[in-house]
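Everything below concerns the one structure shown next.
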Amino acid sequence: MNNTLQLCVQVLVHVYLTAVISRNQEGPGEMGKAVRIPKDDQEKMKELFKINQFNLMASDLIALNRSLPDVRLEGCKTKVYPDELPNTSVVIVFHNEAWSTLLRTVYSVINRSPHYLLSEIILVDDASERDFLKMALENYVKNLEVPVKIIRMEQRSGLIRARLRGAAASKGQVITFLDAHCECTLGWLEPLLARIKESRKTVVCPIIDLISDDNFEYTAGSDMTYGGFNWKLNFRWYPVPQREMDRRKGDRTLPVRTPTMAGGLFSIDRNYFEEIGAYDAGMDIWGGENLEMSFRIWQCGGSLEIVTCSHVGHVFRKATPYTFPGGTGHVINKNNRRLAEVWMDEFKDFFYIISPGVVKVDYGDVSVRKALRENLKCKPFSWYLENIYPDSQIPRRYYSLGEIRNVETNQCLDNMGRKDNEKVGMFNCHGMGGNQVFSYTAEKEIRTDDFCLDVSRLSGPVIMLKCHHMRGNQLWEYDAETHTILHIITQGCLTVSKLYDGSQGTTVEMCNGGPLQMWMLRNYTLLEVIRKVFYSPLDYKL
Ligand code: LR7
Ligand code: MN
C-alpha cells in the first residue's frame, strides 16, 4: 500500500471511530450514565417498573451495546495474559427477563470478549411466559457473531436446575455463568480464564459492579469487600480483612480469596464443575446454591476467588419480579436447610436457633449430597471456619449459644428485632431463640448474628453494632463465678438499668457485685427451642 492510501485509510478509520464514539457518548445511558425519564412519562415508567422490578423504560432507551467507563484499577489495565487461554461457554439462565437487559448482556459478552475465547453462549429459558422470548429471540440471535444456543426447560425449574441443563450442554473448557441482566466491561474475561489456567480448581468471580435498578447508572463495585454470610444464611458483603490484604502484600490487583460468592457471576473449569458435584439438583427456584457451592469448593479442596481485574455489572433489585412456586419462604428455607444439613455439621444450630421456624420445612432427601461429601473426602465445616473464614459471623469457638438472663429481674437480653445502632433491651425470657439468642465467643464478643454488644463509655447504653473484630468496645469478660460480665475497656459491668427514655435496658456501670449485674449464660439446645416454638413433640426432621 502506498503512503497516500495508507493515510487515507487512517483518516477514514479515525473519522469512523470518532463518529462511533460521539454516538456512544451522547445516547441515553452511554458511558454508564443514568437515564432520566421526562416528567410526562413518570407514570408510565412506574407501571413498567413492576414488570421486572427495574426501570424497564430506562433500559429500553439504552443501546443494546452501550458504552461503559473503564473502572479497573490502573494496575489491571496493563496486565498481560497468556495467549493460550482456555475457552469458555457462557451460560445465562432466565425466567421472564426483559428483552433489553437480556440482549445487552449478550452483546456485552460478544463485544467485550476475544471471540476465540468464546465457545458459545447458551441461553437457558426457564419456562418464560413472554412471547418475545420465543421465536423473536430465536430469530434475533441467529444473526449474532458468536453461536448462541437456546435451551428451553419444559417446566419452571428454577435457576439451579436451569444452570445444570446449560452446563450439561456446554462445550467450552470453562463455564462462565452470568445473570440475564449483566454488562461485561472491557477486559473482563481474560483475567478470569487466566486464573483458571493457572489453577484449575480455582473458581473465579469478577467484581460485581452496580447497575442501578432506578436509572441504569453504572457504578464500580469495590475490590475491598468479599463474600460472607450471616446466621440466617443470607449472603452478605463484608470488608476484606487485613490478613487477606497482607497475604496479597497490599497489591489490590491480585485475586481476593473469598469465603463465599454472590452466586450469579463466575467461571469454573467445566470438568472441575462436574468433579466437585455441579449443583444440588434438589434445590428449587432461587437461593442457597451460592453458599452451598462456596462451602463445597473450599471444604473439598478447591478455592474461590474474586479476580479484582475483572468487572461485570449487574442490575441489583430490591424485590423479585417473578413467582416462587411453593412460596418464597418455603423455597429459600428448603434450599438453606439442604446446604446446612450437608455442609455445616454442628454449626447448623446457629441457623436453626436464630430462625427456628425453618425446621417446619421439609428439605427432602440429601443422601446423594452427603455421599458426594464422603466421596470427595471433604473437610469439616470447622476447618472452613478456622482456615477460610476466621472472621466469620458464626464463631468457630464459643462459650455459649443461648440466652443471657439477669439474676435480679429474671429477664433476658433481647435485641427486640432491631439491631443496627439500637439499644439492646430486656424482655421476658421465652427460650425460643430468635431475638434472644446470643453467643459469647472465644474472641470475647457477645454477638447475635453479625451484631455485637458495644458500649463506648461508662454509664453509656449498650447497643448492637456490626461486629468489627477489633476488640475495643466489643470486648467482654464473663466471670462464671461472680456471674458478672465485665466490659474490658471501661472496666464497668453489664447492668440492667432504666434508660433515660424510661425503657428497661442495659448500661455498663462501676462493678458493685449486685444482682442487677449478675447474669446467667445458658446454652440452648435445638430440641428445647423447637419444643418452645411449636409446643409439640418433634415430628420435624432435625
Ligand atoms: O426460577 C428462576 N429461574 C431463573 O432462570 C429464577 C431465576 N432465574 C434466573 C433469573 O432470570 C436470573 O437471570 O436466574 C438468574 C438469577 O436470578 P435473580 O437475578 O432474580 O437473582 P439475584 O440477582 O437476586 O440473586 C443472586 O442470588 C441468587 C441465589 O440463588 C443467584 O445465585 C443469582 O445468580 C445471584 N445474583 C448475583 O450473584 C448477582 C449479584 C447479586 C448479589 C449480591
Ligand atoms: Mn440477578
Side-chain angles (χ1 to χ4, degrees), residues 51-54 59 90-99 101-106 109 121-130 133 137 150-167 175-184 203-213 219 221-222 225-230 233-238 258 260-268 279-280 283-294 304 306 311-328 331-336 338-339:
I51 302 177
N52 302 87
Q53 293 298 334
F54 54 62
S59 178
V90 176
V91 173
I92 300 168
V93 305
F94 63 93
H95 175 72
N96 287 344
E97 188 61 46
W99 178 269
T101 43
L102 176 62
L103 283 160
R104 202 172 300 114
T105 309
V106 170
V109 170
I121 297 174
I122 300 180
L123 303 179
V124 186
D125 171 12
D126 187 12
S128 300
E129 293 128 349
R130 313 239 157 105
L133 294 170
L137 181 64
I150 300 181
I151 297 174
R152 312 273 183 188
M153 303 301 282
E154 306 75 51
Q155 53 174 29
R156 179 78 182 282
S157 310
L159 71 94
I160 296 117
R161 290 191 285 272
R163 281 191 196 150
L164 281 169
R165 187 73 69 84
I175 308 174
T176 299
F177 293 98
L178 294 178
D179 273 9
H181 31 259
C182 288
E183 291 176 61
C184 304
V203 178
V204 289
C205 311
I207 288 187
I208 306 178
D209 295 334
L210 191 120
I211 302 173
S212 161
D213 53 345
T219 316
S222 169
T225 59
Y226 76 174
F229 59 94
N230 62 18
L233 302 184
N234 303 120
F235 171 86
R236 290 282 181 270
W237 301 105
Y238 295 101
T258 180
T260 71
M261 65 166 147
L265 294 66
F266 66 98
S267 298
I268 183 168
Y279 271 126
D280 176 357
M283 287 188 173
D284 301 331
I285 306 296
W286 184 100
E289 93 297 341
N290 52 335
L291 296 190
E292 193 270 345
M293 182 173 251
S294 306
L304 181 59
I306 297 169
H311 278 261
V312 178
H314 169 263
V315 182
F316 285 81
R317 301 186 267 214
K318 297 170 194 83
T320 28
Y322 44 76
T323 58
F324 278 61
T328 314
V331 168
I332 298 173
N333 291 336
K334 173 184 169 182
N335 293 353
N336 282 342
R338 290 183 71 85
L339 84 93

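Each ligand, and each atom within it, is numbered from 1 in the order the structure gives. Keep in mind that this is a model prediction, so the values were computed, not measured.
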Original post:
To which of M283, E289, H181, E97 does the heavy atom nearest atom 29 (C) of ligand 1 belong?
Top reply: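 Closest candidate by heavy-atom distance is E289.
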Just need the protein heavy atom nearest to [atom], so name the residue and atom and give the distance.
{"atom": "atom 26 (C) of ligand 1", "result": "A262 O, 4.1 Å"}
{"atom": "atom 17 (O) of ligand 1", "result": "Y322 OH, 3.4 Å"}
{"atom": "atom 36 (N) of ligand 1", "result": "D179 OD2, 3.0 Å"}
{"atom": "atom 22 (P) of ligand 1", "result": "W286 NE1, 3.6 Å"}
{"atom": "atom 8 (N) of ligand 1", "result": "L159 CB, 3.8 Å"}
{"atom": "atom 3 (N) of ligand 1", "result": "D126 OD2, 2.7 Å"}
{"atom": "atom 41 (C) of ligand 1", "result": "F316 CE2, 3.4 Å"}
{"atom": "atom 11 (O) of ligand 1", "result": "H95 N, 3.1 Å"}

Ligand-residue contact atoms, ligand 1 with [X], heavy atoms, under 4.0 Å:
{"X": "I208", "result": "40 (C)"}
{"X": "R317", "result": "18 (P), 19 (O), 20 (O)"}
{"X": "R163", "result": "33 (C), 34 (O)"}
{"X": "W237", "result": "43 (C)"}
{"X": "A180", "result": "13 (O)"}

Rounded to the nearest 0.5 Å, what's the gap from [atom1] on [X] to [atom2] on [Y]? Could you check?
{"X": "M283", "Y": "M293", "atom1": "CE", "atom2": "CE", "answer": "10.5 Å"}
{"X": "N52", "Y": "T320", "atom1": "CG", "atom2": "OG1", "answer": "12.0 Å"}
{"X": "L159", "Y": "D284", "atom1": "CG", "atom2": "CG", "answer": "10.5 Å"}
{"X": "D126", "Y": "Y322", "atom1": "CG", "atom2": "OH", "answer": "9.5 Å"}

Please say whether [X] places an N or O atom under 3.5 Å from an N or O atom belonging to ligand 1.
{"X": "V93", "value": "yes"}
{"X": "L265", "value": "no"}
{"X": "F235", "value": "no"}
{"X": "G264", "value": "yes"}

Please determine whether a side-chain nitrogen of the Lys or Arg among [X] and [Y] lies less than 4.0 Å from a carboxylate oxygen of the Asp or Glu.
{"X": "R104", "Y": "D179", "result": "no"}
{"X": "D213", "Y": "R317", "result": "no"}
{"X": "E129", "Y": "R156", "result": "no"}

Non-hydrogen atoms of [X] versus ligand 1: any pair closer than 4.0 Å?
{"X": "F177", "result": "no"}
{"X": "F324", "result": "no"}
{"X": "M261", "result": "no"}
{"X": "A162", "result": "no"}

**OP:** With the Mn ion (ligand 2) as the reference point, give the N/O/S atom of H314 that is nearest.
**Re:** NE2
Subject >> Considering only N, O or S atoms of D179, the one closest to the Mn ion (ligand 2) >> reply: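 Of the nitrogen, oxygen and sulfur atoms in D179, the Mn ion (ligand 2) lies nearest to OD2.
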**OP:** Heavy atoms only: give me the nearest N336-G288 pair and the separation to one decimal.
**Re:**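 For N336 versus G288, the nearest heavy atoms are OD1-CA, 3.6 Å.
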Original post:
Mind checking whether the Mn ion (ligand 2) has an N, O or S of H181 under 2.8 Å?
Top reply: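 So H181 does bind the Mn ion (ligand 2) by this criterion.
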Original post:
Does a side-chain heavy-atom distance below 4.5 Å link D280 with L339?
Top reply: no
